[in-house]
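First the structure, in the form of structure tokens, and then the observations on it.
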Amino acid sequence: EFWNAEKDNFAFDRSAHKTHLDKLRVVREAFLKEDESLAKPANRFLIQCVLIRYLEEKQDEDETGKLRKVFPEGFFQEIGGGHTFKDALLAGTFWKVFAYLNQQEHLNGKIFDWTEDEKKQIQAISTDKLVNLLYEPRSNASEQLALWDLYSFRYLPVEIVSSIYE
């Protein structure tokens, strides 16, 4: 009731969620501009990268009140050879991260399972715009810079990640 009554007082078209989704569309379009046949693997690659970025920023308090991250300190250095998932994307070692997460004891579900043909298709794509989406929250879809972060994966509701998946 509140949201319906007050909908004119909020600028949803300029919300953090909208900005993030707009940038995601631009990245997807850039991928497909390179090769239209990449739609399915590109979509899958995008959601997996968004999920990893979300988990990279996610923090929870343990029972003692101490903040802990999903990926422990040094995780990306040990698995992907860099300090962050960004480094793995830029170096092309993100496949090692995917393979590690795909192991049964980690994210049992085979969502990070890729065939060699799919890997070759994705490796042909430039990840520059994807890195911008994931690590440059001060720019919008048209790459216009702002003075502050337009969104944060730390506060991005998991429902947004879920809706991207769908």
Side-chain angles (χ1 to χ4, degrees), residues 11-59 69-71 75-76 79-146 149-166:
F12 291 110
D13 61 327
R14 288 183 275 159
S15 71
H17 304 96
K18 176 94 168 70
T19 299
H20 186 262
L21 292 173
D22 288 347
K23 283 181 73 171
L24 185 64
R25 279 188 202 92
V26 167
V27 172
R28 183 179 182 278
E29 288 168 10
F31 283 1
L32 298 183
K33 191 179 287 184
E34 292 183 33
D35 186 349
E36 281 280 330
S37 69
L38 293 178
K40 188 174 180 179
N43 290 344
R44 191 166 154 225
F45 181 63
L46 284 172
I47 186 59
Q48 289 177 0
C49 290
V50 168
L51 175 62
I52 290 173
R53 181 66 177 125
Y54 171 79
L55 292 173
E56 184 178 21
E57 286 293 311
K58 185 79 174 132
Q59 296 184 70
K69 291 186 164 197
V70 173
F71 297 123
F75 172 83
F76 289 103
I79 306 300
H83 296 289
T84 64
F85 185 58
K86 175 182 180 178
D87 297 333
L89 281 170
L90 293 172
T93 59
F94 58 87
W95 294 115
K96 291 180 181 180
V97 176
F98 285 7
Y100 179 86
L101 294 174
N102 199 51
Q103 294 173 12
Q104 187 172 4
E105 61 272 13
H106 301 293
L107 292 178
N108 188 15
K110 300 288 185 189
I111 65 167
F112 292 100
D113 192 25
W114 289 79
T115 67
E116 289 305 315
D117 287 341
E118 290 171 325
K119 287 180 182 180
K120 286 178 188 171
Q121 288 179 308
I122 293 301
Q123 283 177 282
I125 295 174
S126 169
T127 58
D128 293 345
K129 286 190 182 293
L130 176 60
V131 168
N132 179 281
L133 164 75
L134 299 174
Y135 291 93
E136 299 298 332
R138 289 187 179 194
S139 68
N140 63 16
S142 61
E143 297 186 16
Q144 181 180 0
L145 294 177
D149 290 352
L150 300 174
Y151 57 88
S152 169
F153 279 87
R154 183 175 295 164
Y155 304 110
L156 191 70
V158 72
E159 293 83 11
I160 295 294
V161 177
S162 179
S163 71
I164 293 168
Y165 178 76
E166 291 171 7

Problem - Residues forming a side chain to side chain donor-acceptor pair (under 3.5 Å) with Gln121, sequence neighbours excluded - result: none
Practice task
Sequence neighbours left out, what passes side chain to side chain donor-acceptor pair (under 3.5 Å) with Asp87? Give chain and number order.
Solution key: none
Exercise for the section: Not counting sequence neighbours, which residues clear salt bridge (Lys or Arg N to Asp or Glu O under 4.0 Å) with Glu118? List them please. Expected result: Arg44
Practice task
Taking side-chain contact (heavy atoms from CB on, under 4.5 Å) as the test, write out the residues that go with Asp117, two or more places apart.
Solution key: Thr115
Completion exercise
In this structure, CZ of Phe85 is separated from CG of Leu90 (nearest 0.5 Å) by 10.0 Å
Practice task
Identify, with sequence neighbours excluded, every residue that meets side chain to side chain donor-acceptor pair (under 3.5 Å) alongside Gln123.
Solution key: none
Handout entry: For Phe76, all residues meeting ring-ring contact (aromatic ring centres under 6.0 Å, His included), sequence neighbours excluded
Key = Phe71
Handout entry: salt bridge (Lys or Arg N to Asp or Glu O under 4.0 Å) against Lys96, all qualifying residues, sequence neighbours excluded
Key = none
Practice task
Evaluate the side chain to side chain contact (heavy atoms under 4.5 Å, CB included) criterion for residues Leu130 and Phe31: first the C-alpha distance (whole Å), next the side-chain angles of each, then the deciding distance (0.1 Å), finally the verdict.
Solution key: CA-CA 9 Å; Leu130 176 60; Phe31 283 1; 4.2 Å; yes
Exercise for the section: Drop me the distance from Ile52's CD1 to Leu89's CG, to the nearest 0.5 angstrom. Expected result: 8.0 Å
Fill in the blank from the handout: For Ser126, the side-chain contact (heavy atoms from CB on, under 4.5 Å) test, sequence neighbours excluded, returns Glu34, Asp128
Fill in the blank from the handout: Taken to the nearest 0.5 Å, the spacing of Phe112 CZ from Gln48 CD works out to 5.0 Å
Handout entry: Partners meeting side-chain contact (heavy atoms from CB on, under 4.5 Å) with Ala99 (sequence neighbours left out)
Key = none
Problem - Partners passing ring-ring contact (aromatic ring centres under 6.0 Å, His included) against Phe94 (at least two apart in sequence or in another chain) - result: Phe45, Phe98
Practice task
With side chain to side chain contact (heavy atoms under 4.5 Å, CB included) as the test, would you mind laying out the steps for Ile122 and Trp95 before giving the verdict?
Solution key: CA-CA 10 Å; Ile122 293 301; Trp95 294 115; 3.7 Å; yes
Handout entry: salt bridge (Lys or Arg N to Asp or Glu O under 4.0 Å) against Glu116, all qualifying residues, sequence neighbours excluded
Key = Lys119
Completion exercise
When rounded to the nearest 0.5 Å, the distance separating CZ of Arg28 from CG of Leu38 is 10.5 Å
